[in-house]
Amino acid sequence: MNNLTNYKNIKAWPFVEAIKIIKKSENLNSNRPIHFETGYGPSGIPHIGTFAEVLRTNMVRNALREIKNLNSKLITFSDDLDALKKIPEDYPYPEKLSKYLNYPLSSIPDFTEKYSSYADRNNNLLKEFLNQFNFDYEFISSTNMYKSGNFDKCLLKILENYENIMNIILPTLRKERRESYSPFLPICKKTGKVLEVPIKIVNKEKGIIAYKDDNKFIETTVTNGNSKLQWKVDWAMRWSALKVDYEMNGKDLIPSFELSKQIAKFIYNKVPINMSYELFLDQNGEKISKSKGNGLSIDEWMTYGTKESLSLFMYQNPRRAKRLYFDCIPKSMDEYKKYFKDVKEKKQELLESPIWHIHEGTMPENTYPIEFSTLINLVTALNTSDIPTIKNFCLLYIKNSLDSIEQRCLEEAIKLAVKYFQNFILPKLKKRKPSTKEKEIIENIINDISNYKEEISAEEYQNLIYKYGKIIHPENLREWFISLYQILFGSDNGPRLGSLFYLYKKNKVLQMLQEAIK
RNA sequence: GAGCCCGUAGCUCAGCGGUAGAGCAUUCGCCUUUUAAGCGAGGGGUCCUGGGUUCGAAUCCCAGCGGGCUCACCA
């Protein structure tokens, strides 16, 4: 208990959430681990929002472990018995998929032929993303739970409370929908489709429901995977069946959560502690969605940024609607480095830094030695994707020697910066043609360099450039440098040319200059 | 209709009881080479408005005004 008061002053939200759990669990007086749940609908490639939810839930788990060494378990629950409602645009075979509308995701084949089913493919993509971050989680498939009978006890409890549940749900629906609504969706024995049909007969003793098909009543059990629940009821049932203590959700699910809460009272009264987070917006402030293709995917972030930078972004202000687009990446990369530095130089306690949450409470030994935005500027200035050249230029700049971790991080950061440069900066750069006077001067430089038999030093290159600069712009050398940068790189500034030429070596320099005057 | 979030420098945002901040933009100064991958200095604010709590409010509470999103099919 003493420990708890120590952490109460920490404002970081994972600690606040963890304290909520501790307060509630003290009344529970049970020895089982605390159960965290995150939900996932495998109807397409995993959304960055799903990923954010797991990441953030894990941050609460870590905080909980720190405050009071409580065991916990993270359940990643996949709704893979849900029916396919829309054809996702990111799937390579949409026309093949379109024949499987209303089939459970787990009974649709995977046409990429890599996985046992369409759901299995999406589930595995999610797991891959999660594994990249070394999460400790237990993956649970809805299909498995229903079919193995693990949900049966709770399903019968739902059936017992059929009318109570209808009374909660019906007022929230429109008139047309009220006619057809049922908490149970039978799975058709003939076709295997998930049916949205009105339930005509409810037999609580036998655990059976019946619907009408061609004027005949079709009976089916609610157990053994013969039917599944509508999702709000499903959610409530799952809380009880899996003993969920904590679950996050996006703000779009707040009304659903409230409804599920009421339903849960009829089963075992198990309602998780809940935190709702704001949705991500795109650059223009609109909600990101897969169908629009706006915002960022996990893969896209990982193309230009480290996982630490992604974690940091997800950590910051989950209750605020944030814009998620490419510019966020360099910003987050630099912020990460700054937080790292503050802890390393003891300007900030690790426990009070986002670094604690990103790295599960431990301080990594080191990180990239140069700000990412600086690196992007450098790559832009050098106008190259050649990693050794960039790295060598970095080493000219850094005075202290780098340890092996810094070396590795630097190389990783350079690769990311190169990608960023290639995709966002390079297309906007426009090299200009030299004037006749400039062309003449550059030809002279080429001549001079060609006349050297051996490689020359950075200083000699620089002298050469100055020598001709004084001829073409005697009163303002700056103009000369700007012109050179514009002609060679398409920007107004750049690296010290002497050093760059030295790194490029004679042949490559000549090639670059000849290219420029073509 | 209900719920959630946001109003802080020109722009994007951080700060969330104790002197108003960052990045970009802007203005000025600095390249015959020892870091232009720029560097240095400055300007710029009714912290949306009005009340309240407090010794003290951008920060907490209440009311209002703007802007945005979400839900009310499905998940």
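In what follows, every chain begins at residue 1, and chains take the letters A, B, ... in the order their sequences are listed. Quantities reported herein were computed from a predicted structural model and do not represent experimental measurements.
- Annotation: B/G66 and B/G29 have their C1' atoms spaced 43 Å apart (nearest Å).
- Nucleic acid contact for A/D327: none, since no nucleic acid atom lies under 4.0 Å from a heavy atom of the residue.
- The distance from atom CD of A/E371 to atom P of B/G38 is 12 Å, rounded to the nearest whole Å.
- Side-chain rings of A/F36 and A/Y246 approach one another, their centers coming within less than 6.0 Å.
- Between A/Y461 and A/F501, the two ring planes are perpendicular [angle over 60°; tilted spans 30° to 60°].
- Atom-to-atom, CZ of A/F280 to P of B/U70 comes out at 15 Å; the value is rounded to the nearest Å.
- Under the Watson-Crick or G-U wobble criterion, with both distances below 3.5 Å, B/G43 is left unpaired in every strand shown.
- The C1' atoms of B/C5 and B/G10 are separated by 25 Å, rounded to the nearest whole Å.
- If you measure from atom NZ of A/K322 to atom P of B/C69, you get 19 Å, rounded to the nearest angstrom.
- Atom CG in A/L81 sits 5.0 Å away from atom OG in A/S142 (nearest 0.5 Å).
- Cation-pi geometry between A/K508 and A/Y504 is met: the NZ or CZ atom falls under 6.0 Å from the ring centre, inside 45° of the normal.
- Listed by chain and number, the residues in a salt bridge (charged side-chain N to carboxylate O under 4.0 Å, His left out) with A/K467 are A/D448 (sequence neighbours excluded).
- Contact of A/K470 with B/U32 (side chain to base): a donor-acceptor pair of N or O atoms is detected under 3.5 Å.
- Atom name P, nucleotides B/A9 and B/A22: the rounded distance is 14 Å, in whole Å.
- On the C1' atoms, B/U19 is 15 Å away from B/C47, given to the nearest whole Å.
- Using bins of under 30°, 30° to 60° and over 60° for the plane-to-plane angle, the ring pair A/W235/A/F257 lands in the perpendicular bin.
- A perpendicular orientation is assigned to the rings of A/F129 and A/F51, their planes being inclined by more than 60° (bins at 30° and 60°).
- The residue among A/L378 and A/Y325 whose nearest nucleotide of RNA chain B is located toward the 5' end is A/Y325.
- Across the strands present, B/G50 finds its partner in B/C62; the criterion is a Watson-Crick or G-U wobble pair with both atom distances under 3.5 angstrom.
- Distance, A/F313 CZ to B/C13 C1': 12 Å, rounded to whole Å.
- A/I10 places its CD1 atom 17 Å from the C1' atom of B/C16, with the value rounded to the nearest Å.
- Distance A/K338 NZ to B/G15 C1': 12 Å, rounded to the nearest Å.
- Note on A/K175: every side-chain N or O is 4.0 Å or more away from OP1 and OP2 of B/A72.
- A straight line from CD of A/E176 to P of B/A72 spans 14 Å, rounded to a whole angstrom.
- Relative ring orientation between A/W301 and A/F313 is described as tilted, the plane-to-plane angle lying within the 30° to 60° band.
- In this structure, A/T306 OG1 and A/M333 CE are separated by 4.0 Å, a value rounded to the nearest 0.5 Å.
- If you take CD of A/Q348 and C1' of B/G15, they are 13 Å apart, rounded to a whole angstrom.
- Here, B/C48 and B/U54 have their C1' atoms 23 Å apart, quoted to the whole Å.
- Among the heavy atoms of the strands lying under 4.0 Å from A/F393 is at least one base atom, whether or not backbone atoms are also near.
- For A/S353, the side-chain contact (heavy atoms from CB on, under 4.5 Å) partners two or more places apart in sequence, or in a different chain, are A/Y339, A/V343, A/Q348, A/I355.
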Atom pairs under 3.5 Å, N or O on each side, protein against nucleotides 73-75 of chain B: can you list them with distances?
residue : atom : partner : partner atom : Å
B/C73   : OP1  : A/R174  : NE           : 3.2
B/C73   : OP2  : A/R174  : N            : 2.9
B/C74   : OP1  : A/R177  : NE           : 2.9
B/C74   : OP1  : A/R177  : NH2          : 3.4
B/A75   : OP1  : A/Q230  : OE1          : 3.2
B/A75   : OP2  : A/Q230  : OE1          : 2.9
B/A75   : O3'  : A/D82   : OD2          : 3.1
B/A75   : N7   : A/W231  : NE1          : 2.9

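- A tilted orientation is assigned to the rings of A/F424 and A/F326, their planes being inclined by 30° to 60°.
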Under 3.5 Å, which donor-acceptor pairs do the side chains of residues 271-280 of chain A form with other protein atoms, sequence neighbours left out?
residue : atom : partner : partner atom : Å
A/N274  : ND2  : A/E247  : O            : 3.4
A/N274  : ND2  : A/N249  : OD1          : 2.3
A/Y277  : OH   : A/E53   : OE1          : 2.5

Restricting both atoms to N or O, compile the protein contacts to nucleotides 4-7 of chain B shorter than 3.5 Å, with distance only.
residue : atom : partner : partner atom : Å
B/C4    : O2'  : A/E278  : OE2          : 3.1
B/C4    : O2   : A/K251  : NZ           : 3.1
B/C5    : O4'  : A/E278  : OE2          : 2.8
B/G7    : OP1  : A/R320  : NH2          : 3.0

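- B/A20 and B/U59 have their P atoms separated by 13 Å, given to the nearest Å.
- Straight-line distance between the P atoms of B/G21 and B/U53: roughly 29 Å, to the nearest whole Å.
- Figure legend. B/C16 is base-paired to no nucleotide; pairs are counted as Watson-Crick or G-U wobble with both atom distances under 3.5 Å.
- Side-chain N/O atoms of A/N463 and base N/O atoms of B/U32 include no donor-acceptor pair closer than 3.5 Å.
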Short heteroatom pairs, N/O only, protein and nucleotides 19-27 of chain B, under 3.5 Å:
none

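- Under the 6.0 Å cut-off for aromatic ring centres, A/Y466 and A/F481 qualify, their centroids lying closer than that.
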